[in-house]
Enquirer: 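Questions regarding the structure given below will be posed in turn.
If you're wondering where the values come from, they're calculated on a predicted model, not measured in any experiment.
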Amino acid sequence: MHHANVFYGHAQILARYCGLEHPPTIWGYLQHGWNTHDGFAVGHEFVPGYPKFVWSHSVARRGRSLGEHDYVVIGSPWAYLLQQQRGSRTVDPDARGTIVYPFHGWEGQRIVGDHAAYAAEIRRVEGEVPLTACLYWNDHEKPAVRRVYEDAGFRVITHGRRGHMYVGGDDDFLDRQLLELRSHRRAVSNRMGSALLYAASLGLSIGVYGDPMVLDGDHAVLGGMERQQRLFPVLHQAHVPDRDAQDVARAELGLDLTLPPALLAHVLSWDKFA
């Protein structure tokens with residue numbers, strides 16, 4: 001199994017949906033995050049003939065237009081998590097405040113931007129409501145970054161680690177994210193990403209505003225912020241109309257594309273385990 005298949009507990013969620021305690025090997029590549037490219041990291045090396053399991057038809061179309069093959073649309077692991085926890089598909093009645101997802105780098109690329117200015121803009125736009133800043137794990141481990149948000153009155157958390165080469169990942173990452181999102185009324189970021197789509201799928205109000213920040217050495221093929229704005233112009237405002245946000249989330253997360261457990265097990269070659 002490619003190590004990215006287990007990021008954020010994705011393989012574990014699919015296994016649980018299929019009635020399995022542990023995920024068997026996925027003989028293929030599972031999309032692990034939302035993007036406006038082919039569903040995978042730039043430069044991802046594929047072994048010919050193995051399927052690419054992706055969240056949506058839009059990702060499959062882009063991948064095929066780039067000359068890639070063997071796309072299989074199955075919906076996102078988040079969609080399967082919601083199938084398993086039907087009672088958690090809306091916000092909690094006692095939900096309060098706004099959760100903020102600052103655009104982040106990763107282990108191989110650092111982020112360039114002004115967290116202090118962004119925190120100040122969030123407070124100005126959101127007003128005197130409880131604010132939670134959810135940081136990517138490597139930002140959360142930097143006291144200077146945490147302190148920016150703490151000093152601005154934010155509660156600061158992380159959902160966990162995605163891991164690397166099968167080590168250090170939190171299988172309950174998305175479960176924890178679901179609980180956090182349900183406890184808030186709004187979710188905002190300075191870039192579109194998986195987290196805001198997850199929030200919109202639960203009925204949270206969302207917004208995209210503030211310094212978009214940049215990745216050091218970002219890949220031109222991804223199109224940067226400009227491509228996101230071109231593809232999803234209505235989402236780039238402080239208060240996105242709920243219907244628009246939910247429609248995009250439904251399509252991009254493949255909420256209507258999930259397969260029944262037996263069929264998903266068959267597609268993933270898990271028949272003998274299920």
Side-chain angles (χ1 to χ4, degrees), residues 7-8 32-37 41-42 96-162 164 173 176-177 180-181 183-200 204-240 245 248:
F7 286 174
Y8 309 115
H32 71 265
W34 178 85
N35 67 31
T36 56
H37 187 45
V42 176
R96 302 172 61 242
T98 299
I99 186 167
V100 184
Y101 289 93
F103 182 54
H104 62 81
W106 62 290
E107 295 84 336
Q109 288 176 292
R110 67 183 182 89
I111 201 74
V112 179
D114 188 336
H115 284 282
Y118 182 54
E121 183 166 3
I122 291 293
R123 175 57 74 187
R124 179 179 62 78
V125 174
E126 300 300 314
E128 294 304 316
V129 301
L131 295 176
T132 298
C134 183
L135 304 179
Y136 189 63
W137 75 268
N138 57 356
D139 286 333
H140 191 263
E141 292 189 352
K142 297 173 182 174
V145 176
R146 286 202 316 271
R147 191 160 49 248
V148 166
Y149 293 97
E150 290 168 347
D151 289 349
F154 289 62
R155 167 178 169 255
V156 180
I157 64 166
T158 184
H159 293 319
R161 293 171 176 257
R162 75 176 189 179
H164 182 70
F173 188 105
R176 292 159 65 176
Q177 186 165 16
E180 279 293 338
L181 285 172
S183 70
H184 292 83
R185 289 290 175 186
R186 265 175 62 75
V188 301
S189 181
N190 45 350
R191 291 274 191 122
M192 276 300 301
S194 304
L196 287 195
L197 296 174
Y198 297 162
L204 277 75
S205 167
I206 69 167
V208 179
Y209 63 90
D211 176 3
M213 304 186 185
V214 295
L215 278 175
D216 188 23
D218 200 6
H219 301 287
V221 70
L222 295 176
M225 186 71 166
E226 293 77 13
R227 179 178 291 173
Q228 293 189 6
Q229 291 172 328
R230 186 172 69 252
L231 292 177
F232 303 101
V234 72
L235 300 187
H236 289 83
Q237 54 184 313
H239 295 274
V240 179
V248 172

Enquirer: From I157 CD1 over to C134 SG, what is the distance, rounded to the nearest 0.5 angstrom?
Expert: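 If I round to the nearest 0.5 Å, the distance is 4.5 Å.
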Enquirer: Working to the nearest 0.5 Å, report the span between CD1 of I206 and CG of L181.
Expert: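 One finds 11.0 Å between CD1 of I206 and CG of L181.
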Enquirer: Suppose we screen for side chain to side chain donor-acceptor pair (under 3.5 Å). Which residues come up paired with E126, at least two apart in sequence or across chains?
Expert: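 E126: side chain to side chain donor-acceptor pair (under 3.5 Å) contacts with T98, R186, Y209.
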Enquirer: Is a side-chain donor or acceptor of T158 paired with a backbone partner of Y136 at a separation under 3.5 angstrom?
Expert: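 No, because the side chain of T158 does not come within donor-acceptor range (under 3.5 Å) of the backbone of Y136.
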Enquirer: For F154 and V100, what are the C-alpha separation, side-chain angles and deciding distance, and is it a side chain to side chain contact (heavy atoms under 4.5 Å, CB included)?
Expert: CA-CA 9 Å; F154 289 62; V100 184; 4.0 Å; yes
Enquirer: Using a strict 4.0 Å threshold on nitrogen-to-oxygen distance, state whether E150 and R147 make a salt bridge.
Expert: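 Result for this pair is no, no salt bridge flagged.
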Enquirer: Under the criterion side chain to side chain contact (heavy atoms under 4.5 Å, CB included), I'd like the reasoning laid out for I122 against V188: C-alpha separation, chi angles, the key distance, then a yes or no.
Expert: CA-CA 9 Å; I122 291 293; V188 301; 3.7 Å; yes
Enquirer: Specify the closest pair of heavy atoms between G207 and V240, including all atoms of both residues, with the distance to one decimal.
Expert: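 It is CA-CG2, 4.2 Å.
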Enquirer: To the nearest 0.5 angstrom, please state how far the CZ atom of R123 sits from the CD atom of E121.
Expert: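 One gets 13.5 Å once the value is rounded to the nearest 0.5 Å.
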Enquirer: Might you work through the side chain to side chain contact (heavy atoms under 4.5 Å, CB included) test for M192 and Q229, ending with a clear yes or no?
Expert: CA-CA 9 Å; M192 276 300 301; Q229 291 172 328; over 6 Å; no
Enquirer: On a heavy-atom basis, which atom in A195 and which in Q177 lie closest, and how many Å separate them?
Expert: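 Heavy atoms of A195 and Q177 come nearest at CB-NE2, 3.6 Å.
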Enquirer: Is the side chain of N190 donor-acceptor paired with the backbone N or O of P102 at a distance under 3.5 Å, no angle test?
Expert: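 No: the side chain of N190 does not pair with the backbone of P102.
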Enquirer: Step by step, would you call T132 with H184 a side-chain hydrogen bond (donor to acceptor under 3.5 Å, both in side chains)?
Expert: CA-CA 9 Å; T132 298; H184 292 83; 3.0 Å; yes
Enquirer: Hey, can you tell me if H32 and F7 have their rings parallel, tilted or perpendicular (30° and 60° cut-offs)?
Expert: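 H32 and F7: perpendicular rings.
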Enquirer: I would like to know whether D114 and Y118 meet side chain to side chain contact (heavy atoms under 4.5 Å, CB included); could you show each step before the answer?
Expert: CA-CA 6 Å; D114 188 336; Y118 182 54; over 6 Å; no
Enquirer: Give a yes or no on whether the backbone of F103 and the side-chain of R191 come within a donor-acceptor separation of less than 3.5 Å.
Expert: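 Pair absent, no side-chain N/O of R191 close to backbone of F103.
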Enquirer: With a 3.5 Å distance limit and no angle check, can you tell me whether R185 reaches the backbone of R96 through a side-chain donor-acceptor pair?
Expert: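 No; zero donor-acceptor contacts below 3.5 Å.
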Enquirer: Mind listing the closest non-hydrogen atom pair of S194 and W34 along with its distance?
Expert: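 Looking at all heavy atoms of both residues, the closest pair is OG-N, 3.0 Å.
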Enquirer: Here's a test for you: under ring pair (Phe, Tyr, Trp, His ring centres under 6.0 Å), which of W137, Y198, Y101 qualifies with H159?
Expert: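 Of all the options given, the one that passes is Y101.
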Enquirer: Heavy atoms, side chains only, cut-off 4.5 Å: are H115 and K142 in contact?
Expert: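 SC-SC contact between H115 and K142 ruled out.
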Enquirer: Which pair of heavy atoms, one from A238 and one from V125, lies closest together, and at what distance?
Expert: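 Looks like CB-CG1, 4.1 Å.
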